[in-house]
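Worksheet: one structure, shown below.
Nothing here was measured: the structure is a model prediction, and the numbers come from that model. Lettering follows sequence order; numbering is per chain, from 1.
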There are 2 protein chains.
Amino acid sequence: MSKKIIEPLSVDSVIFGFEEASLEVLLIKRAIKPSFGMWALPGGFIRYDENIDQASARVLEERTGVKGLFMEQLGAFGEVDRFPLGRVITVVYYALVKPGQYKINPGPDASDARWFNVKQLPELPFDHLKILERSLSRLRQQLKYKPIGFNLLPDKFPLLALQELYEAIYDVEFDKPNFRRKIMKMNLLIPLNEKQTGVAHRSARLYKFDKKRYDSLTEKGFIFEM
Amino acid sequence: MSKKIIEPLSVDSVIFGFEEASLEVLLIKRAIKPSFGMWALPGGFIRYDENIDQASARVLEERTGVKGLFMEQLGAFGEVDRFPLGRVITVVYYALVKPGQYKINPGPDASDARWFNVKQLPELPFDHLKILERSLSRLRQQLKYKPIGFNLLPDKFPLLALQELYEAIYDVEFDKPNFRRKIMKMNLLIPLNEKQTGVAHRSARLYKFDKKRYDSLTEKGFIFEM
DNA sequence: TCAAAAGTGTTTGCAATACACCCATGC
DNA sequence: GCATGGGTGTATTGCAAACACTTTTGA
């Protein structure tokens, strides 16, 4: 595979995770200039023989070890002076990873990588803060009418985990009984014959997302709405 | 102003208009190779001294004569073989124009330009059909919770025009009294002391969109929803 | 037996829907 | 007078919000 890159074009990734009931984003500590040593979004350049989706998927796999991560394009960012060393336009993707199914790898251009709570971000270089804010608002928007939140949860989860996910991302609180009913009425969850273990209270039933059912309902005009 | 361009990067515009109660898109007839003579989306290259928004705004003004058209970025399209003469990634914007406030100009690379009903499109070159479909679905999505539909109507319009706009774009029918009440309850329209003229029925009151009120309501957490 | 979360039941009020009806205008 | 759209009134229904309540588990 040729590694010849398209010079004025990069991809950057906003990787979201949900850990300890709060929304987190994966940042890398830059080991290259410019902005050496700063925490920043992971990224890379686009090669001549791959499309932009593939470039983004490659970067995501490099950093998380996961193939086929959920990702979606946010858009292109192209202020004239956004990158100090030259005119580089970047295409941004945001991605969602499930807890415990990845292995963080800083990559060749970074000395470290870790999760940051989206409410406690370090100073970011270039236009990365703007990119992150836009990703977050797109995520919030998408979550309202697409069931992509399941990509932030383990395959099997109790209902409260789903509720906490929405509460953390929108910074609101829901009534548990009502939330429960709303979700169950959609018929998008498959109840499992498994329960939580090791909790200091009544253990909850686990569910998994029924993607097939969602797809078939969507074809019939069903619209997911939170 | 330097006209030096960034070679592997173009902008394309999906310009929507609302004419005769149906949603239309502006296409140009290509007067350059490749795909000479085909109807296609208008576009151009990005210059070194402008950001991508500016590049898109420039293209939009070239074709419609209107400065400051409503526009929003759809995203970047970058299949390896999308353009036959070389690797060109394009950043797409969709724009909305009000009836009668523009003057169509094919531009230097086209021999003609005209509106096409989105349901009766000619054959399009490259990935332009995919781009158009994605623009349309983004437009439908955005229209649901942002009052951008007013950018497709004249400044002064009767309520039925707004209803017809939503009906045409979503291909549904609404109950007139209910639609009316729903809109009026939002308090986003300023009733004018003007009426339609030259219609063969009772003339309707005209309204204009109250952008200031929308902005202030939005700050307070109001969410527009159709 | 207490804390904490799981899970059920029920009341209430708002808002979308459906539809009957009268009003104004041009031909 | 009749066709066409403008515009108002009102009954019905469904559903989301609020909250009281019982159940299960671990410590």
*Separation of B/Arg180 atom CZ from D/dT8 atom C1', in whole Å?*
9 Å
*With heavy atoms under 4.0 Å as the rule, sort B/Lys176 into base, sugar-phosphate or nothing.*
base
*Can you find a side-chain donor-acceptor pair between B/Ser56 and B/Gln54 that sits under 3.5 Å?*
no
_Rounded distance (Å) that lies between atom C1' of D/dG7 and atom CZ of B/Arg205_ = 11 Å
*Any cation-pi pair here, B/Arg181 with B/Phe179, using under 6.0 Å and within 45°?*
no
*Degree of bending, the helix from C/dT1-D/dA27 to C/dC27-D/dG1 (end axes from five pairs; round to 10°)*: 0°
*asked:* Quiz question: by atom type and distance under 3.5 Å, do the side chains of B/Tyr94 and B/Gln73 form a donor-acceptor pair?
replied: no
*Without hydrogens or angle criteria, can the side chains of A/Tyr145 and A/Gln142 be said to hold a donor-acceptor pair below 3.5 Å?*
yes
*Measure from CD1 on A/Ile183 to P on D/dA16 and round the result to the nearest Å.*
11 Å
*Under 4.0 Å from any heavy atom of chain A: name the first and the last nucleotide of DNA chain C that qualifies, 5' to 3'.*
C/dA4 to C/dT10
*Derivation of the side-chain contact (heavy atoms from CB on, under 4.5 Å) call for A/Met226 and A/Met186*: CA-CA 10 Å; A/Met226 285 301 297; A/Met186 291 184 192; 4.0 Å; yes
*Roughly, in whole Å, what's the span from CZ in B/Phe174 to C1' in D/dG5?*
18 Å
*Determine whether B/Glu61 and B/Val66 make a side-chain contact, defined as any pair of heavy atoms from C-beta on separated by less than 4.5 Å.*
no
*Can you find a side-chain donor-acceptor pair between A/Glu133 and A/Ser135 that sits under 3.5 Å?*
no
*Evaluate the side-chain contact (heavy atoms from CB on, under 4.5 Å) criterion for residues A/Arg213 and A/Asn187: first the C-alpha distance (whole Å), next the side-chain angles of each, then the deciding distance (0.1 Å), finally the verdict.*
CA-CA 8 Å; A/Arg213 184 164 171 80; A/Asn187 266 307; 3.4 Å; yes
*Reckon A/Leu160 touches a base, only the sugar-phosphate, or nothing at all at heavy-atom distances under 4.0 Å?*
sugar-phosphate
*Can you tell me how far C1' of D/dA16 sits from CZ of A/Phe179, to the nearest Å?*
14 Å
*Cut-off 3.5 Å, side chains only: do A/Tyr93 and A/Asp53 have a donor facing an acceptor?*
yes
*asked:* Within the 4.0 Å limit for protein heavy atoms, which parts of nucleotides 18-27 of chain D are touched? Write it as a string from 5' to 3', B for base, S for sugar-phosphate only, - for none.
replied: BBB--BBBS-
*asked:* Rounding to an integer number of Å, can you tell me how far B/Leu162 CG sits from D/dG5 P?
replied: 17 Å
*What does B/Lys185 touch in the nucleic acid at a heavy-atom separation under 4.0 angstrom: a base, only the sugar-phosphate, or nothing?*
sugar-phosphate
*Which residue, B/Phe150, B/Phe18, B/Tyr207, forms the ring-ring contact (aromatic ring centres under 6.0 Å, His included) with B/Phe157?*
B/Phe150
_From B/Glu62 atom CD to B/Ile28 atom CD1, the distance as rounded to the nearest 0.5 Å_ = 11.0 Å
